[in-house]
Engineer: 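Below are the structure tokens for one structure; questions will follow.
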Amino acid sequence: MSNRTTVTEFLLLGFSNVRELQILHFLVFLVLYLAALVENILIVTAIALNHHLHTPMYFFLMNLLILDLGSISVIIPKSMVNSLMNTRSISYSGCVAQVFFFLFFASANFALLTIMAYDRFVAICQPLHYEMVMNRGACVQMAASAWISGILYSTLHTGNTFTISFCGGNTVDQFFCEVPQLLKLACSDSYLSEVGVIVFSVCLALSCFVFITMSYVQIFRAVLRIPCEQGRHKTFSTCLPHLIVVSLLLCTSTFAFLKPTSSSATGLSLLVAVLYSVLPPMMNPIIYSLRNKEINGALSKWMCWRLFSKNKMSICLLR
């Protein structure tokens, strides 16, 4: 009991102690963060302003990109500020908030990817029932269920994590408050309850993964039965971006869980954390917009409209 101390702040892992490298880290993260913000905001705006894209698939995509914006905004700015200010500290409440919002956005993101797999399943395997099943009310309820489930899961996980007592100091071996790294600081007698929550989380993730896998097995079967090769290509192209996004998330998350654990921080753990926390929000807009004529067309129209409005305003001012 004597080793238990009240933690008021945590010390996050820095990428380097060299000032020049700290500035370089700030600049690299700034570029990555701005790129992710611009990409996601552009596509969300294009979907919101183009009535032709007000379909279930793009409605769910817009929600996914908003969640991506949230997840990358939770951890990157704090790391950038720490590098710029040459500090490592984060307050206890700040760490709690970071864990809560990151878990919320991540879990809601995975739930939404599962819903998007169901949307593609109904669209391809049951096309005659698509408008009835995926009506406006059903889509809103599904998206809301993803957000609500994310809040409930994050509340459970965060509350359980920070009810533990910390006996191992306050140094977190990661550049943000990552739950596995926080658990390394936990006392042995308060650790088991969180293990139960982690097992529950793994079961939920596996259930979603099995559902997505079974949905795409049925989708591939239906696509292969289409007699026209052009029709098969067009149908498959609507599923490919979602499949790539799911694979990217699963690969980076699996790599994060399977990486070798050690008591000391390594460059590998930092790299893995960047991969699963920064890479998906950056790549998702590119994956969904690549070779998607509808999104690219909407973006072009919106940019042309903005340019025309700006030029028209300039002409009016000159007059």
Side-chain angles (χ1 to χ4, degrees), residues 29 32-49 53-79 96-120 134 138-158 176-179 201 204-205 207-209 211-212 241-254 256 273-290 292 295:
F29 265 33
L32 294 177
Y33 183 58
L34 291 178
L37 283 181
V38 171
E39 291 169 0
N40 284 276
I41 290 174
L42 276 178
I43 296 183
V44 168
T45 304
I47 293 174
L49 296 180
L53 299 183
H54 290 181
T55 62
M57 182 176 71
Y58 291 111
F59 171 72
F60 293 134
L61 174 59
M62 184 169 65
N63 279 266
L64 181 71
L65 298 182
I66 292 173
L67 290 171
D68 283 340
L69 275 174
S71 66
I72 198 172
S73 297
V74 168
I75 59 175
I76 298 300
K78 178 58 180 176
S79 180
V96 173
Q98 198 173 66
V99 169
F100 174 82
F101 284 108
F102 185 75
L103 289 175
F104 160 59
F105 289 121
S107 56
N109 191 304
F110 202 63
L112 200 60
L113 287 173
T114 307
I115 293 171
M116 293 173 75
Y118 176 71
D119 171 69
R120 291 299 85 202
M134 302 302 294
C139 291
V140 171
Q141 289 177 5
M142 289 180 185
S145 67
W147 287 77
I148 293 172
S149 63
I151 292 174
L152 295 177
Y153 170 77
S154 181
T155 302
L156 171 66
H157 208 342
T158 306
F176 66 98
C177 287
E178 188 183 47
V179 172
S201 305
L204 283 179
S207 300
C208 292
F209 173 70
F211 182 85
I212 293 172
H242 179 257
L243 192 58
I244 294 174
V245 168
V246 173
S247 301
L248 178 65
L249 179 63
L250 289 176
C251 288
T252 53
S253 301
T254 303
V274 171
L275 283 177
Y276 80 79
S277 62
V278 179
L279 190 61
M282 269 197 63
M283 294 303 299
N284 287 354
I286 297 174
I287 293 170
Y288 277 107
S289 61
L290 192 65
N292 188 313
I295 290 182

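Starting from 1, each residue takes its place in the sequence as its number.
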Engineer: Please enumerate all residues that pass side chain to side chain contact (heavy atoms under 4.5 Å, CB included) together with S207, with sequence neighbours excluded.
Structural biologist: none
Engineer: Which pair of heavy atoms, one from L112 and one from A143, lies closest together, and at what distance?
Structural biologist: CD1-CA, 4.4 Å
Engineer: If the plane angle is over 60° it's perpendicular, under 30° parallel, otherwise tilted; pick one for F104 and F100.
Structural biologist: parallel
Engineer: Rounded to the nearest 0.5 Å, how far does CD1 of I151 lie from CG of L156?
Structural biologist: 13.5 Å
Engineer: Set out, in order, the CA-CA distance, both residues' side-chain angles and the distance that settles side chain to side chain contact (heavy atoms under 4.5 Å, CB included) for V179 and L103, then state yes or no.
Structural biologist: CA-CA 9 Å; V179 172; L103 289 175; 4.3 Å; yes
Engineer: What closest approach, in Å, do P285 and I43 show between heavy atoms, and which atom pair accounts for it?
Structural biologist: O-CD1, 3.4 Å
Engineer: Check S71 against F102 and note the closest heavy-atom contact, atom names and distance.
Structural biologist: O-CD1, 4.0 Å
Engineer: To the nearest 0.5 Å, tell me how far I41 CD1 sits from I66 CD1.
Structural biologist: 10.5 Å
Engineer: Return the minimal non-hydrogen interatomic distance between A48 and H54, and the atom names on each side.
Structural biologist: O-NE2, 3.1 Å
Engineer: May I have the step-by-step check of side chain to side chain contact (heavy atoms under 4.5 Å, CB included) for S79 and F176, ending in yes or no?
Structural biologist: CA-CA 7 Å; S79 180; F176 66 98; over 6 Å; no
Engineer: What pair of heavy atoms forms the shortest contact from D68 to N284, and how long is it?
Structural biologist: OD2-ND2, 2.8 Å
Engineer: So how far is it from F101 CZ to T158 OG1, rounded to the nearest 0.5 Å?
Structural biologist: 9.5 Å
Engineer: Output every pair passing side-chain hydrogen bond (donor to acceptor under 3.5 Å, both in side chains) with a member in residues 140-150, not counting sequence neighbours, ordered by first then second residue.
Structural biologist: N63-W147
Engineer: About how many Å separate CG of L53 and CD1 of I47, when rounded to the nearest 0.5 Å?
Structural biologist: 6.0 Å
Engineer: With a 4.5 Å heavy-atom cut-off, do Y33 and L37 have their side chains touching?
Structural biologist: yes
Engineer: Is M134 close to M142 at the side-chain level, that is, under 4.5 Å between some pair of heavy atoms?
Structural biologist: yes
Engineer: If you round to the nearest 0.5 Å, how far is CD1 of I287 from CD of E39?
Structural biologist: 10.5 Å
Engineer: Which heavy-atom pair separates I75 from S277 by the least distance, and what is that distance?
Structural biologist: CD1-CB, 3.3 Å
Engineer: Can you tell me how far NE2 of H157 sits from CG of L152, rounded to the nearest 0.5 angstrom?
Structural biologist: 14.0 Å
Engineer: Going by the rule side chain to side chain contact (heavy atoms under 4.5 Å, CB included), which residues pair with L32 if we only count those two or more places apart in sequence or in a different chain?
Structural biologist: V28, F29, V278, M282
